[in-house]
Amino acid sequence: MTRVEVNGVGLFCEAGGDGDPLVLVHGSWYDHHNWDLVVHGLALRHRVLVYDRRGHGESDRPEGQGSLREDEEDLAALMETVGFAPAYVVGHSLGASIALRLAARRPELFRGLVVHEPPLLDLVADVPAVREEVAVTRQRLGHAADLVRQGDDLAGARAFVEDVAAGPGAWEELPQEQRDMFVAHAPTFLDEQNDPGWAALDLAALRGCGVPALLTSGSESPALFGAALDRVAGALSGARTHVFEGAGHMAHVTHPEEFTAVVTSFLAGDAGS
């Protein structure tokens with residue numbers, strides 16, 4: 001584990017493996033350990049970089065309101081500082097949103113892009129098939145954020161897990177270590193939710209990206225994720241798609257071998273083309 005200073009923030013990161021550079025960007029509530037089940041398999045073919053986004057894990061948590069733009073700039077600066085630019089980038093959930101947003105602005109940093117279910121609610125708020133689902137999701141996210149805003153990080157984390165992510169009773173089924181992690185990251189979740197543009201993406205800018213892309217989803221995930229990926233696919237010419245059957249939002253955790261195989265196959269195909 002190494003500490004790297006970028007944009008006035010200390011980020012913890014770790015690199016291993018050999019081959020073309022590959023960066024993994026985790027989503028909300030988690031840290032780099034969320035990739036533990038796939039990082040070894042990916043490192044058999046690539047030089048893999050994992051890191052804790054600002055406000056997560058062992059990275060610094062600056063005071064004051066942050067923004068996803070800061071996360072984008074952190075990713076760009078980290079890649080350049082440690083010699084991982086250009087790289088293939090794999091993002092999960094909000095980490096996928098961050099990767100897409102950076103690719104739209106700085107495509108020269110990317111060799112290719114793999115994103116799993118970015119929560120781009122703003123892109124699909126007008127889609128009739130998922131309009132109600134989007135509204136309910138926003139309400140539940142808002143409720144969890146309000147609890148954290150009121151100072152009850154535990155209640156906010158539990159509300160997110162049970163109302164948004166996994167369903168009633170799921171909180172008690174989590175190992176204590178994971179519950180502690182969720183509570184510790186509750187303030188950063190609130191910070192993300194306070195960013196008015198957290199669920200948005202500039203599709204017009206993304207059209208100029210031009211890098212190979214793989215867009216993935218789980219067959220058991222809410223339909224809004226698939227609808228959002230449809231919009232992203234429309235902006236990324238030639239983007240490929242893959243659905244992990246029987247998986248949901250955490251496909252890299254529940255289906256790690258398939259996730260690793262799909263990602264490495266896509267990247268190998270791009271490298272050989």
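Every heavy atom of this structure was used, including side-chain atoms; hydrogens, water molecules and symmetry mates were not.
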Contacts of His185 meeting ring pair (Phe, Tyr, Trp, His ring centres under 6.0 Å) (sequence neighbours excluded), chain-then-number -> His56
Nearest 0.5 angstrom please: Trp198 CH2 to Ser28 OG, how far?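 Result: 7.5 Å between the selected atoms.
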Heavy atoms of other groups near [X] [atom1], more than 12 under 6.0 Å:
| X | atom1 | result |
| --- | --- | --- |
| Arg45 | CZ | no |
| Glu172 | CD | yes |
| Asp126 | CG | yes |
| Glu132 | CD | no |

Can you check whether Ala99's main-chain N or O pairs, donor with acceptor, with Glu72's side chain at less than 3.5 Å? no
Using only atom types and a distance under 3.5 Å, with no angle test, would you say the side chain of His92 pairs donor to acceptor with the backbone of His249?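 At least one qualifying donor-acceptor pair exists.
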I want to check something: taking the side chain as every heavy atom from C-beta on, are [X] and [Y] in contact at a cut-off of under 4.5 Å?
| X | Y | result |
| --- | --- | --- |
| Leu154 | Trp171 | yes |
| His33 | Gln178 | no |
| Val232 | Leu123 | yes |

What pairs with Asp74 under side-chain hydrogen bond (donor to acceptor under 3.5 Å, both in side chains), at least two apart in sequence or on another chain?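 So Asp74 forms a side-chain hydrogen bond (donor to acceptor under 3.5 Å, both in side chains) with Asn7, Arg54.
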Report the residues that fulfil side-chain hydrogen bond (donor to acceptor under 3.5 Å, both in side chains) with Glu80, sequence neighbours left out, ordered by chain and then residue number. Arg106
Measure the acute angle between the ring planes of Trp35 and His252, then classify it against the limits of 30° and 60° as parallel, tilted or perpendicular. tilted
Should the ring pair His26 and Tyr51 be called parallel, tilted or perpendicular, given that the plane angle runs from 0 to 90° and is split at 30 and 60?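 Geometry flag for Tyr51 against His26: tilted rings.
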Indicate if Leu215 and Leu113 have the same hydrophobic cluster label, given that clusters are the connected sets of ILVMFWY residues with side-chain heavy-atom separations under 4.5 angstrom.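 Per the 4.5 Å side-chain linkage, Leu215 and Leu113 are co-clustered.
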